[in-house]
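Numbering of ligands and ligand atoms starts at 1, following listing order.
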Amino acid sequence: MRTFFLLLLACTTVASFCSITQAADAPSKPSSSGLVYPKVKRVNKQWSFRSAKANGNVTYDDPYVWLEQPPANDTAIQQFLSNQASVTESYMKRCSNLKQIQQSIQQATDYDEYDEMGLFAETSASPFYLYTLKRVGEQRPTWYKASVAEFQAGKKTNFANPPGKPFLNESLLTADGSANIVAQGVNISPDGKIFCYLVSGDNSDFATWYFRSINTPLVSAKTFPKGGEGSLPVNIPFNQQDVKWTADSKGFFYVQAQTNGDANANFMLRYHKWGTSTDKDITVVKPRPIFLQMGMSYDGRWLHLLGFIDQSFKQFAYACLLDGQPVSENMKWISISPDYDYQVYYIGTVDNTFYFQTDQGNATNGKVVKAHLDWSKARSTNTLTDIKDRLQLQEVVKERDDALIPQVNAFAYAHDKLIINYIESGKDTLYLYDLKTGKQLQHLLPTETGSFGLLRVYSESKRAVVSYSAWNTPTKIFELEYSKTTGQVQSSTVTIQNVRGSKASDFSIEQLFATSKDGTKVPYYVTQKGKGKECRPTWVHGYGAYGYKESLFFFPAFFTFLNDYNSRFVWTALRGGGDEGGKWHLDATTTHKQRTYDDWIAILEDLERRKLSCPGQLIVEGGSAGGMAALAVTNQARQGLIGVVFGIRAVTDYFLIALRSRLGQAQWSEFGNPNIPAEFDAIRAWSPLQNTVKGKQYPAMLLAAGQDDDRVSPAHSYKMIAQMQYEHPNNKHPLLLYVASGTGHTAAGTSTEGATLQAAHQFCMIEQALGIKQQAAS
Ligand SMILES: *[C@@H]1O[C@H](CO)[C@@H](O)[C@H](O)[C@H]1NC(C)=O
Ligand SMILES: *[C@@H]1O[C@H](CO)[C@@H](O)[C@H](O)[C@H]1NC(C)=O
Ligand SMILES: *[C@@H]1O[C@H](CO)[C@@H](O)[C@H](O)[C@H]1NC(C)=O
Ligand SMILES: *[C@@H]1O[C@H](CO)[C@@H](O)[C@H](O)[C@H]1NC(C)=O
């Protein structure tokens, strides 16, 4: 999944390997859920903001602000965590079947999970495929390397046996198996000799590049040095993304954060000459943006640098001709778009023409444009910001009114072809175009009813690997091969994997619409086993931010919920997300953010009205910004509408992330700037922590925080649960915190066991709160 820019950006790194061993406080009296919530210290802290509505300052209290400190050295916070863990544990003991639930979720991983597949070293003497495989019971995937012939032969047996040989077992990167390779974090030098891999050791948003010879696999290990046994003595920390090798394999460019955890971390473009020490690396430019990305032409002549300053993803774009220019701290560059006027998602560079996906000229549904790279304008710089030329853009593929190109969904392919993934009526649809003329050439792969997937094109040659993951099919991988003779793409199936004992056709999916507060029709997708119409417990997942299109990806816990309970699962296309086009996103930003929450509530009420869900049997769940929405919705929804709410790595205090976290400013274009009086008023009215409702009976609540989350600090969950328990000591349903140890913000770095354990806790709460039981798994 291409998620590099999707979620909230990183907060300060918290090295919080706190031990949770201390005894609980003396108990106060039990709540009506039978639980005894610990007493939590409250401090006298107020914040003051200018309000447009009040025409003056407005203050609010922040009694749990002390929980924002890094817990490592703070015994009071350790005590708080220990007390919360005791309450949660005592509640979970009510589920005698916790182990069985865990096993059942584990069974939903019972398929061969192939991923990260692609052809590498395409221009070398012997190109090869790399891919990962994770089998049931394995905590981490293993990388395999296969020749082109081996890979092609594997297709004939649906990859029943992994073709080629194991190359790197991620479990062996550290002694305790806690490290993993970041998604899309593998690169091969163009000559095919060096395997480069981006390792995250503590689930931080920042990771370290390691390097090994392609002739040195890591399939068994006696020692566990950083990067794993046999890695080369070069490493590059504080990275988030790909390296770009020069065509001659003599060195590579990389983007590095200057320091980790620094509130003002700057990113730099640097160059490493292979075979030298990293202290000799050259800092090529040091511009201002909070996030930098590189692009490199097929022929290695052009290097591009793109950067954004907030999550509107309006980018600056520059280009550097590497041909005949030695790498230095004062190279010549040209600017394409210097002022963050529009989005620039890199597609490719052919000859001297730069192609990108953009929303330029209010094309919020996305289009493809090109610019001629006029090198006569080049000037030396080490900041870029002093070059302000703008290149003329020419349209290649016009914006469509009836379809959307989601962020980063147009790819150069087969030298001068283009693949675009459009969303047409909620369905992913692939087309082939001529890159130079923009002529549509072919519709690729059948559009599958109800199957929504994310596209992955690894290869820029005539071969591309496309993977779909849908809610009912964990893995579907296809290969596209362009033929010059026919001018057409031939597609073939690499592998289709189902969870053992189930088939995709066991499940149905239906698109429905709810009417939001302002009359907008909001789509949502109901999936279930069979076609029954009776009311069922219904899990409603939402996100609704950053223009991100919620794809129906496979997730073992969601699958288990559908498979093991007589239930429904709902995906929502809330405004703020990109499901219905760029305008759909912009309609629910800053002072209109409330629309996201209105949409979610409208869907919940619609499910109730249609009698698809019984009263109190709705489960509301979201992660990160989606967790913030889930909690805002829970505060605002009618008492009794929701049965259970899950906030996963949730933002609960928008003021904390916007004003007191690394790169919080990046959130302002999306959710509002608290320093602008009108925007403050809007935020003040929905930010979950500031809007809990005293006297209201809340649904069962589980806030699942990542102990090492450096994007959304776990303090968001700590503060919210402390306040909920303080204000609602007699809530009928439990209000609990679950801290996943050794995990960061995303599921990607979490071991299978860790992910399963958290989901089992969620299921236990659902069973208790809704009074339902898991049916014997089929
Ligand atoms: C009003 O709020 C602003 C913004 O937070 C702050 O700078 C100012 O000191 C406050 N004024 C008073 C009187 O509290
Ligand atoms: C905790 O204390 C140690 C030793 O005094 C110090 O090196 C470290 O930086 C502190 N950690 C935090 C998160 O404050
Ligand atoms: C990877 O290593 C782990 C830990 O040693 C082991 O349990 C697992 O079977 C290995 N996987 C493969 C595919 O060899
Ligand atoms: C884009 O939309 C904004 C806001 O509606 C408007 O002010 C601006 O003129 C438009 N720009 C173009 C190029 O159409």
Side-chain angles (χ1 to χ4, degrees), residues 44-62 65 106 109-117 129-146 150-151 154 159-181 186 195 197 199 201 210 212 216-231 475 495 497 653-661 664-665 667-668 671-685 687 689-690 742 749-756:
N44 212 344
K45 172 73 192 172
Q46 281 195 333
W47 300 99
S48 182
F49 287 89
R50 280 178 290 120
S51 155
K53 212 162 65 189
N55 198 19
N57 273 29
V58 164
T59 61
Y60 71 85
D61 292 331
D62 196 1
V65 69
Q106 175 86 35
T109 65
D110 189 7
Y111 62 93
D112 289 344
E113 188 179 345
Y114 286 101
D115 206 346
E116 300 278 339
M117 195 174 272
Y129 284 87
L130 290 171
Y131 60 88
T132 60
L133 169 60
K134 188 164 91 169
R135 289 198 150 132
V136 64
E138 289 182 340
Q139 303 299 320
R140 303 274 176 206
T142 292
W143 288 78
Y144 284 74
K145 177 172 174 278
E150 286 168 333
F151 183 89
F159 272 47
N161 293 307
K165 287 203 175 65
F167 178 74
L168 187 152
N169 182 339
E170 290 190 20
S171 294
L172 305 176
L173 289 169
T174 53
D176 62 358
S178 62
N180 68 291
I181 297 182
V186 158
F195 181 92
Y197 49 117
V199 175
Y210 292 98
R212 59 175 54 239
T216 313
L218 177 62
V219 291
S220 63
K222 291 201 177 67
T223 62
F224 300 91
K226 285 192 167 166
E229 204 172 73
S231 68
T475 305
T495 180
Q497 300 283 338
D653 180 355
Y654 178 69
F655 296 99
L656 164 57
I657 196 135
L659 300 172
R660 300 192 293 285
S661 76
Q665 277 190 35
Q667 314 308 326
W668 295 357
F671 303 103
N673 174 355
N675 300 318
I676 296 174
E679 297 191 12
F680 165 78
D681 291 333
I683 296 160
R684 178 64 186 81
S687 175
L689 184 69
Q690 285 75 32
T750 309
S751 66
T752 306
E753 194 181 11
T756 308

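Partner of Leu659 under the side-chain contact (heavy atoms from CB on, under 4.5 Å) criterion, out of Tyr654, Phe49, Trp47: Phe49 alone. Considering Asp110, Asp112, Thr142 as possible partners of Arg135, the one that fulfils the side chain to side chain donor-acceptor pair (under 3.5 Å) test is Asp112.
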Handout entry: Chi angles and distances behind the side chain to side chain donor-acceptor pair (under 3.5 Å) call for Asp653, Gln690
Key = CA-CA 7 Å; Asp653 180 355; Gln690 285 75 32; 3.2 Å; yes
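Contact annotation for Arg140 and ligand 3: no heavy atom of the residue comes within less than 4.0 Å of the ligand. Residue Val219 does not touch ligand 3, judged by heavy-atom distances below 4.0 Å.
Aromatic ring orientation, Phe159 versus Tyr114: perpendicular (interplanar angle above 60°, classes split at 30° and 60°). Ring-plane geometry between Trp143 and Phe195 is classed as perpendicular, the angle between the planes exceeding 60 degrees on a 0 to 90 degree scale with a lower cut at 30.
Summary of contacts: the protein heavy atom closest to atom 9 (O) of ligand 3 is Glu138 OE2, 4.1 Å. Taking atom 5 (O) of ligand 3 as the reference point, the nearest protein heavy-atom neighbour is Leu172 CD2, 3.7 Å. With respect to atom 14 (O) of ligand 1, the closest heavy atom belonging to the protein is Asn57 ND2, 3.2 Å. In terms of protein heavy atoms, atom 4 (C) of ligand 3 is closest to Ser171 CB, 3.9 Å.
The heavy-atom pair separating Ala146 from Tyr131 by the smallest distance is CB-CE2, 4.4 Å.
Short contacts between ligand 3 and Thr142, defined as distances under 4.0 Å to a heavy atom of the residue, involve ligand atoms 11 (N), 12 (C), 13 (C). Numbered from 1 in the order shown, with element, the atoms of ligand 3 that lie under 4.0 Å from a heavy atom of Asn169 read 1 (C), 2 (O), 3 (C), 8 (C), 10 (C), 11 (N), 12 (C), 14 (O). Near Ser48, meaning under 4.0 Å from any of its heavy atoms, are these atoms of ligand 1: 1 (C), 2 (O), 4 (C), 5 (O), 10 (C), 14 (O).
Side-chain atoms of Leu218 and Leu173, non-hydrogen and from C-beta on, do get closer than 4.5 Å to each other.
Protein heavy atoms are found inside the 4.0 Å sphere centred on atom 11 (N) of ligand 1.
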